[in-house]
Protein chains: 2
Amino acid sequence: MAEKIGKKISLQTVDRMSSYRKVLEELHRAGWESVYSHQLAKLVGVGAAQLRRDLASCGTFGNIAKGYPVYKMILTISRLFGTESLQNVVLVGAGNLGQALLSYRSFEERGFHIAVIFDIDDSKVGKVFAGRRCYHIKELETILPDFNINIAILACGTQNLTELVERLRKVGIRSILNFVPKQIQAHRGIYLENVDFAGKLEKLSFINRLGRQIGTYFLGGCMVNFFAVH
Amino acid sequence: MAEKIGKKISLQTVDRMSSYRKVLEELHRAGWESVYSHQLAKLVGVGAAQLRRDLASCGTFGNIAKGYPVYKMILTISRLFGTESLQNVVLVGAGNLGQALLSYRSFEERGFHIAVIFDIDDSKVGKVFAGRRCYHIKELETILPDFNINIAILACGTQNLTELVERLRKVGIRSILNFVPKQIQAHRGIYLENVDFAGKLEKLSFINRLGRQIGTYFLGGCMVNFFAVH
DNA sequence: TTTTTTTAGTGAATATGTTCACAGCACACA
DNA sequence: TGTGTGCTGTGAACATATTCACTAAAAAAA
């Protein structure tokens, strides 16, 4: 194992960092200047020890006996994410979901701007959705390089996804937020994050059947031990 | 620690089960009757050992030297999720995102049906969206109990969320898929699953800055050891 | 029938993640 | 200045998750 030159940040920690920042923004708006680990932890719904360790893993932060400085932490976390300044992203697919994403406020608030849209449907090409122009997907190679974008959002149909991802990679995309409910093969050099709404519901349904108590259950004909969903 | 009467299924395993089933459906449509762990694992993008352990934790499945029976596994996993028959869910909020969710095909394909909608906006109340009627949120207690629903999808505004969750709990909701980008306090008896699009982008941005190589980085002024994003 | 091949299931080893518990320090107040 | 309080940061303990590596068994081949 590599020696410990710096600290290690796991992707789980990164996920939690988003929540921390979200709540810190709320506290900032409410006029808080500093916050104790146990207060913030309670608001976010994690343990205080975990929160301290998460924050510590991103550098030294808090002041003993004074807590963590709210505004400074927001900046530090933004710097970690690279969202101090607005970052352009590309949207592929201007269907129902794509258009909903275009009007999703949090993207801008949290440092992301959908700058350009591509779609395969001629009836959409040329249109401007919420201020962003939609190009035909065949123009990807011509148009996209001008924007200096490395994150793509996929909200398109299920056809030719592998080819699409490869084309995106070639024009500089390095990671993809995929809303298309179809398994996409791993591509070297592309980090793929899948968002599967139906999968989330399956999880909720599973949890509901369990009755939420710690113990042993029969489920789908199989015995299951279940331990704590906080 | 409780004794091991049955097997233990972690929520991470449940998440992966969704992916397994998704790919199994594709294989089934393509005419496969059985599949080896290493084949399925490759398609899903996990290790073969992990896949075997996940499946084993849900009961005994595969046939030695013949692999796993595709169709039977789909059924078993559905039974585990409780989605053998269509399950009704409720949607709160018929805005852009809510309407996109109403036309999201995978819900029906995977066993979920948005049966009824609530909104606070009078201009939407009484309308029918994609076959589902929208009621005013104040009618929640009158209307919802008729539907025998225990899963809610939140795609509404950020106001009064705590109160809303409490009202949902009182009319039988036991778990919530929350798309509202605001932290909701934990409620006893409610399992809350947050979907945070902006948070996902923050994660992608973080990963992009890392350069994707295993090693040590300076990031936002802090040193980071980074290990494998498969 | 016997041998060979191949794969599922799983105990044990490893790796990763979370929590405990306490040292040491900043601050408040006398 | 001295004393008490209550916080952060972190080593160590614990808990959980993943991977390795082997056994046993089914199927195929001889």
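By convention in this document, chain letters (A, B, ...) are assigned in the order of the sequence lines, proteins followed by strands, and residues within each chain are numbered from 1. Just the heavy atoms: all of them, side chains too, but no hydrogens, waters or symmetry mates, feed the values below.
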- prompt: Is the closest basic N to carboxylate O distance between Arg169(B) and Glu166(B) below 4.0 Å?
  reply: yes
Distance in angstrom units between Asn63(A) CG and dC27(C) P, rounded: 7 Å
Proximal nucleotide (of dC27(C), dA26(D), dT19(C)) relative to the Ala65(A) side chain: dC27(C)
statement: Closest non-hydrogen contact found for Leu101(A) with Ala155(A) is CD1-CB, 4.4 Å
- prompt: So what's the dot-bracket for DNA chain D: Watson-Crick or G-U pairs under 3.5 Å, [ ] if a pair crosses, | if it pairs off-strand?
  reply: ||||||||||||||||||||||||||||||
- line: To the nearest angstrom, the CG-P distance between Leu55(B) and dT10(C) comes to 12 Å
- request: Verify whether one side chain among Arg110(A) and Thr83(A) offers a donor that lies under 3.5 Å from an acceptor in the other.
  value: no
Phosphate contact (dT18(D) OP1 or OP2) by Arg16(B) side-chain N/O below 4.0 Å: yes
- prompt: Ala56(B) has a side chain; which of dT10(C), dT19(C), dT8(D) sits nearest to it?
  reply: dT10(C)
- request: Can you tell me the distance, in whole Å, between the CG atom of Leu51(A) and the P atom of dC7(D)?
  value: 14 Å
task: Kindly state whether the ring of Phe179(A) and the ring of Phe197(B) have centres lying under 6.0 angstrom apart.
output: yes
query: In whole angstroms, how far is the P atom of dG17(C) from the CG atom of Asp15(A)?
result: 12 Å
- prompt: Which atoms form the tightest heavy-atom contact between Pro181(A) and Tyr104(B), and what is the distance?
  reply: CB-OH, 3.8 Å
message: Output the rounded distance in Å from OH (Tyr36(A)) to P (dA26(C)).
response: 15 Å
query: Given atom CD1 of Ile64(B) and atom P of dA24(D), what is their separation to the nearest angstrom?
result: 11 Å
task: From the options dG9(C), dT7(C), dT18(C), select the nucleotide whose nearest atom is closest to the side chain of Phe61(B).
output: dG9(C)
task: Can you tell me the distance, in whole Å, between the CG atom of Asp54(A) and the P atom of dT18(C)?
output: 7 Å
- line: Of dC7(D), dA26(D), dA21(D), the nucleotide closest to the side chain of Arg52(B) is dA21(D)
- prompt: Mapping Ala49(A) and Lys66(A) onto DNA chain D by nearest heavy atom, which one lands closer to the 5' end?
  reply: Lys66(A)
- prompt: Rounded to whole angstrom units, what separation is found between the NE2 atom of His38(B) and the C1' atom of dC20(D)?
  reply: 17 Å
message: Counting only side-chain nitrogens and oxygens, does Tyr68(B) get under 4.0 Å of the OP1 or OP2 atom of dG9(C)?
response: yes
- prompt: So does Gln39(B) get a side-chain nitrogen or oxygen closer than 4.0 Å to the phosphate oxygens (OP1/OP2) of dT7(C)?
  reply: no
message: Nearest to the side chain of Arg53(B), heavy atoms from C-beta on, is which of dC20(D), dG6(D), dA8(C)?
response: dC20(D)
